[in-house]
Number of protein chains: 4
Amino acid sequence: MPEGRRGAVRSEAARVAILEATAALFAERGYDHLSIEGIAARAGVGKQTVYRWWPGKSALIADCLLEGMLLPDRFAVPDTGDLRADLIAWLAGVEGVLDSPTGEGLYRSLIAAASENAEVAQRLRESLADPRLFAPRLRAARDSGEVRADLPVDEVSEALIGAIMLRALARTPRDPGLPERLVDLTLGPRPS
Amino acid sequence: MPEGRRGAVRSEAARVAILEATAALFAERGYDHLSIEGIAARAGVGKQTVYRWWPGKSALIADCLLEGMLLPDRFAVPDTGDLRADLIAWLAGVEGVLDSPTGEGLYRSLIAAASENAEVAQRLRESLADPRLFAPRLRAARDSGEVRADLPVDEVSEALIGAIMLRALARTPRDPGLPERLVDLTLGPRPS
Amino acid sequence: MPEGRRGAVRSEAARVAILEATAALFAERGYDHLSIEGIAARAGVGKQTVYRWWPGKSALIADCLLEGMLLPDRFAVPDTGDLRADLIAWLAGVEGVLDSPTGEGLYRSLIAAASENAEVAQRLRESLADPRLFAPRLRAARDSGEVRADLPVDEVSEALIGAIMLRALARTPRDPGLPERLVDLTLGPRPS
Amino acid sequence: MPEGRRGAVRSEAARVAILEATAALFAERGYDHLSIEGIAARAGVGKQTVYRWWPGKSALIADCLLEGMLLPDRFAVPDTGDLRADLIAWLAGVEGVLDSPTGEGLYRSLIAAASENAEVAQRLRESLADPRLFAPRLRAARDSGEVRADLPVDEVSEALIGAIMLRALARTPRDPGLPERLVDLTLGPRPS
DNA sequence: GGCTAAGCGAGACGGTACGTCGAGTCTTGGG
DNA sequence: CCCAAGACTCGACGTACCGTCTCGCTTAGCC
């Protein structure tokens, strides 16, 4: 039995409207230029309703990430049996977000949000490369001799994602060959 | 004959005072919480003098980076003849900034600044790993057989610096063994 | 049913504090030198609260006039039965404001405010000589033969107040005989 | 022999350009909205050259008045022998300035300037009704019995000009019969 | 069914900072 | 010494949002 809460219950409609307004404004105008006031207005909601449930705009972004409203996909590593090809395909997907016009500043804005909110950073990282899926695959490949035995597994996704982010930060133009080169770099030379 | 520039010349004292105030406040309170108003007050300068020469706070950070007022060093890769050891030492230096108390949020703040200003991003990247110094060393090592022949040289520093940044973003705790593992990851297995 | 006004209601405390601060600073430092910023600070109020309800400082002065916070009195024409004496007494009162030390620049400041805001001008004029009280008295006196039959009633207060204002503008020193001479001038020769 | 002043002499061209720029901007945009900066720019002159010779913008207005650059005329009372007609004609001229489109705010702007600068007030008053010309005419008329014997001569122009100014302040619309009624009011009933 | 909470849209409140304008002063270099 | 140009410090402008706080209304469990 729930403890005796009385009164109206949280409005799901408001919650969704707020997150959708956040995602829309985030995509339109970037993380800075995002204002609680603007979100509330766009969502047709009082400011207090936002502040009642979230401490600030970075927490809103964290929730949007969690609901998959900002990144197109969960970017899970596909599993065709060929690890190297799977990683390249996945990394190409991650980098491919940069192609869309709205996606131009998307990563940069997410990085800005992550820099002031640990939860955003955590969820952003998991969205791009979920360690729970990533590491076991790599460990298995190492054990089976598919990749070299001394591969520092945990660092692989950090290096791959980190490189993508650094390039997004520096506005380095898209490079179709990049995913393959990065995977080559981290997994070591292809067995010939 | 110089073209007819007339009128008082730009005050070097003001320029320096502004950059120093920027660096001090940036270290003290981070990139957000940095305000032009606060910088001008701390520098003993009118706001207009800031706006006359810089379009906003991100441009101030870019100039501070250029003058080496934010990062302790140019983080050049040392040259002892042992490339692998040199890279590890350099990377340890880069990561070591995180040890200092003020340096806790330093990288995160720089990343925030970089996310809204391309020049900051460019200069941050060069401060950490100047490509003009970095790549030639690697190419030479590749040619001499010191590292594997198919090493994608340009991606090495991206992966290394990217990994550090990603960990800074995610507030991953310092790990003394990290530099070595990252260098192992990118340069491939040590020749035994 | 009232139309659906919702949200918090206007704070009377803030309204009064702002008008009082305006009146105090106006008396202390004059119309120019009056700043919204100063008013808000003195009233302990955000600037936005001023701008929400008044478009600028001249409108504040208009409201202060309406509330009788700037001019000591409504300067109504007394009614002792002797019109000529009443007008002289009233005009002496109006001119007497110039005696007070704070009142030195009071009229000049009010004139400055009136010159950029029609409402101030209107209310200033009514404060000094309310036409709704003034004209009927004069008309009755004309009908009863107390003053000459061709007296242009509406112009009387304009001439009287106008003369006072012109002297205030020109910093002409106070002259105790002035009210009587002006009334003589406008009402015509005393019946002997 | 002049005392030994050395160096360049004041530039008449600059002086005139400044006054002309002042008059033009004053007519275009009114007394407030008048800025030294704008005047200097319009005159093609350094700000310092303005400040070297005038203490502020009200002094510039005073000089413009003196040079007749603001008011169309000296508004001298004509002399046809018929004093009453002359006064009416003169007063109609003074009031007629209000007809011109630029003249709409001209008086109000002059009043604003006068309210913060005694010299402007003095010169404005003299421009409209020079006491040196005005009073003697009236005194002669009083002596010759043309107007009543107890007329307070000095107050006549004050009342006439004051009434005009008060109406300008209050934005009272032009009234073609006004000059005649005001003269009637001050000079007393027409001898029939 | 009435009472008491809580949530809600709205929006006023005291603040901080924004980016701009203009004030009045000072500094250059040329005449 | 004057002049045009223009950089300087400083104060105020009017605006945007912040995060908090009433309002009056609706919604829901509880007596």
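No hydrogens, no waters, no symmetry mates; every other heavy atom, side chains included, goes into these values.
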Practice prompt. Look at the side chain of A/Arg10 and decide which nucleotide, out of F/dT15, F/dC18, E/dC8, has an atom nearest to it.
Written response: E/dC8
Worksheet item: Where along residues 11-25 of chain D does a heavy atom come under 4.0 Å from DNA chain F, residue by residue in number order?
Response: D/Ser11
Discussion item. Check the phosphate of E/dA12 against C/Thr49, side-chain N and O only, distance under 4.0 Å to OP1 or OP2. Yes or no?
Written reply: no
Practice prompt. Quick one: closest heavy-atom pair of B/Val45 and B/Ala14, and the distance?
Written response: CG2-CB, 4.1 Å
Item to complete: For the pair C/Glu37 and C/Lys47, evaluate salt bridge (Lys or Arg N to Asp or Glu O under 4.0 Å) and give the outcome as yes or no after the intermediate values.
Response: CA-CA 6 Å; C/Glu37 203 133 308; C/Lys47 270 201 291 182; 2.9 Å; yes
Practice prompt. Quick one: do A/Tyr31 and B/Ser115 satisfy side-chain contact (heavy atoms from CB on, under 4.5 Å)? Show the steps, please.
Written response: CA-CA 10 Å; A/Tyr31 180 66; B/Ser115 74; over 6 Å; no
Worksheet entry | Nucleotide F/dC18, atom C1' - distance to CD of A/Glu116 in whole Å | 14 Å
Practice prompt. Could you tell me the separation between the CZ atom of D/Arg125 and the CZ atom of D/Arg123, rounded to the nearest 0.5 Å?
Written response: 15.0 Å
Item to complete: Mind listing the residues from residues 52-64 of chain B sitting with a heavy atom below 4.0 Å of DNA chain E? Number order is fine.
Response: none
Practice prompt. Please name the pair of heavy atoms, one in B/Ala114 and one in A/Arg171, separated by the smallest distance, quoted to 0.1 Å.
Written response: O-NH1, 2.8 Å
Practice prompt. Report the residues that fulfil side chain to side chain contact (heavy atoms under 4.5 Å, CB included) with C/Ala13, sequence neighbours left out, ordered by chain and then residue number.
Written response: C/Ser11
Discussion item. Quick one, C/Glu28 with C/Arg42, criterion salt bridge (Lys or Arg N to Asp or Glu O under 4.0 Å). Give me CA distance, side-chain angles, the key distance, then yes/no.
Written reply: CA-CA 13 Å; C/Glu28 282 171 25; C/Arg42 165 83 77 116; 2.9 Å; yes
Discussion item. If I take atom CZ from residue A/Arg15 and atom CH2 from residue A/Trp53, how far apart are they, to the nearest 0.5 angstrom?
Written reply: 11.0 Å
Worksheet item: Going from CD1 on D/Ile39 to CD1 on D/Ile18, what distance comes out if it is rounded to the nearest 0.5 angstrom?
Response: 8.5 Å
Discussion item. Rounded to the nearest 0.5 Å, what separates atom CG in C/Leu65 from atom CD in C/Glu119?
Written reply: 10.0 Å
Practice prompt. Working to the nearest 0.5 Å, report the span between CZ of A/Arg108 and CG of A/Leu169.
Written response: 8.0 Å
Show the distances under 3.5 angstrom between N or O atoms of the protein and N or O atoms of nucleotides 25-27 of chain F.
| from | atom 1 | to | atom 2 | distance (Å) |
| --- | --- | --- | --- | --- |
| F/dT27 | O2 | A/Ala8 | N | 3.4 |

Worksheet item: For DNA chain E, which residues in residues 27-48 of chain D have a heavy atom at a distance below 4.0 Å?
Response: D/Ser35, D/Ile36, D/Glu37, D/Lys47, D/Gln48
Worksheet item: For C/Lys57, what residues pass the salt bridge (charged side-chain N to carboxylate O under 4.0 Å, His left out) criterion, not counting sequence neighbours?
Response: none
Fill in: Separation between OG of D/Ser127 and CG of D/Leu66, rounded to the nearest 0.5 Å
8.0 Å
